[in-house]
Amino acid sequence: MSEPPSSQQPAERPSRFRRWINGLSSTAQFLVAFTAVVAAALGLWGALGFPLPEAPSAAGGASTRTAGPHSATTSGSRPTGVETASPAPATGASPQPETRNATQEGRTVTLGPGYGIHLDSLELNWGVGPAYGDNLNVDRNSVEWEGDAAPTSGGPDYNACTAVTAYSHRTARSTMSDGDEFCARTKGGRYSWVRFVRIEADPVEVSVVTWE
């Protein structure tokens with residue numbers, strides 16, 4: 001007598017992945033599960049926009065953050081968007097001291113023959129007066145420097161004034177032209193820049209800058 005057909009369905013054959021899992025030891029199964037959990041957590045972390053740790057590059061140079069909307073690329077040891085210190089000033093140049101006094105822009109000091117100015121003065125007119133021992137004295141034939149002075153060019157420049165060497169105590173007006181510039185050493189031990197706006201005729205006009 002034949003047996004009645006069984007109402008039970010045949011057991012579903014496990015998938016290849018499940019058979020592979022079942023064949024692993026308990027330790028290996030734990031490692032696989034832990035790796036899956038970590039991968040899922042990192043994916044959620046990146047999706048929320050938090051930065052992921054950078055992976056070190058083989059050459060120690062550029063590295064890239066790849067996850068999240070705030071990802072950025074950096075190069076070498078200098079991150080992008082970070083201000084760096086300004087380069088150190090070139091050696092050999094003296095620091096620029098403060099200006100002690102200067103003629104106002106667009107104005108000059110006018111000197112008639114026999115008059116002079118004090119280059120160390122703090123007054124707007126530089127203490128203009130009769131030329132008796134002043135720093136810069138003018139007569140009809142020459143410019144006399146109570147200290148000494150040397151030709152220069154390029155406008156007021158303290159470092160240029162400290163570098164000139166062709167000093168003299170007197171300059172013949174016949175050798176000068178309108179616009180000539182000089183660096184002078186004052187009686188107070190300072191440096192002054194003097195531009196003769198007008199020297200070929202009287203009255204003489206000068207612009208002056210003196211540094212502390």
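In this text, all values refer to a predicted model and were calculated from it rather than measured experimentally. Below, all heavy atoms of this structure are taken into account, side chains as well, without hydrogens, waters or symmetry copies.
- A salt bridge between Asp202 and Arg173 is present, with a side-chain N of the basic residue lying under 4.0 Å from a carboxylate O of the acidic one.
- The hydrophobic clustering, which links ILVMFWY residues whose side-chain heavy atoms are closer than 4.5 Å, places Val208 and Tyr158 apart.
- The backbone N or O of Val128 sits nowhere less than 3.5 Å from a side-chain atom of His118 that would complete a donor-acceptor pair.
- Atom CD of Glu98 and atom CD of Glu212 lie 7.0 Å apart (nearest 0.5 Å).
- Taking every heavy atom of both residues into account, Ala102 and Thr99 meet most closely at CB-CG2, 4.1 Å.
- Summarising the geometry, atom CG belonging to Asn141 is positioned 8.0 Å from atom OG belonging to Ser174; distances are rounded to the nearest 0.5 Å.
- Cation-pi geometry between Arg185 and Tyr167 is satisfied (NZ or CZ under 6.0 Å from the ring centre, within 45° of the ring normal).
- Side-chain atoms of Val109 and Thr103, non-hydrogen and from C-beta on, do get closer than 4.5 Å to each other.
- Arg107 approaches Ser207 most closely through the heavy-atom pair O-OG, 3.8 Å.
- Aromatic ring orientation, Phe182 versus Trp145: tilted (interplanar angle from 30° to 60°).
- The backbone N or O of Leu119 lies less than 3.5 Å from a partner atom in the side chain of Asn135, making a donor-acceptor pair.
- The closest donor-acceptor contact from the side chain of Glu205 to the backbone of Arg198 lies at 3.5 Å or more, if one exists at all.
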Q: May I have the step-by-step check of side-chain contact (heavy atoms from CB on, under 4.5 Å) for Val143 and Arg170, ending in yes or no?
A: CA-CA 6 Å; Val143 175; Arg170 177 178 295 184; over 6 Å; no
Q: Kindly determine whether Trp193 and Glu181 satisfy side-chain hydrogen bond (donor to acceptor under 3.5 Å, both in side chains), including the steps that lead there.
A: CA-CA 7 Å; Trp193 169 86; Glu181 302 174 17; 3.1 Å; yes
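- Only one option out of Asp139, Val138, Asn137, Ile199 pairs with Leu111 in a side-chain contact (heavy atoms from CB on, under 4.5 Å); it is Val138.
- Without hydrogens or angle criteria, Glu146 side chain to Thr186 main chain gives no donor-acceptor distance under 3.5 Å.
- Residues that satisfy the side-chain contact (heavy atoms from CB on, under 4.5 Å) test with Asn101, not counting sequence neighbours, are Trp126.
- With values rounded to the nearest 0.5 angstrom, Ser142 atom OG is found 10.0 Å from Met176 atom CE.
- Pairing each heavy atom of Ser121 with each of Gly127, the nearest pair is OG-N, 3.7 Å.
- Put simply, the side chain of Tyr191 does not reach to within 4.5 Å of the side chain of Val164, judged on heavy atoms.
- The pair Arg190-Asp120 counts as a salt bridge, with a side-chain nitrogen and a carboxylate oxygen less than 4.0 angstrom apart.
- No side-chain donor-acceptor contact under 3.5 Å links Thr108 to the backbone of Val206.
- Residue Glu123 holds its CD atom at 5.0 Å from CG of Asn125, rounded to the nearest 0.5 Å.
- When side chains are defined from C-beta on, Ser192 does not count as touching Trp211, because their heavy atoms never get closer than 4.5 Å.
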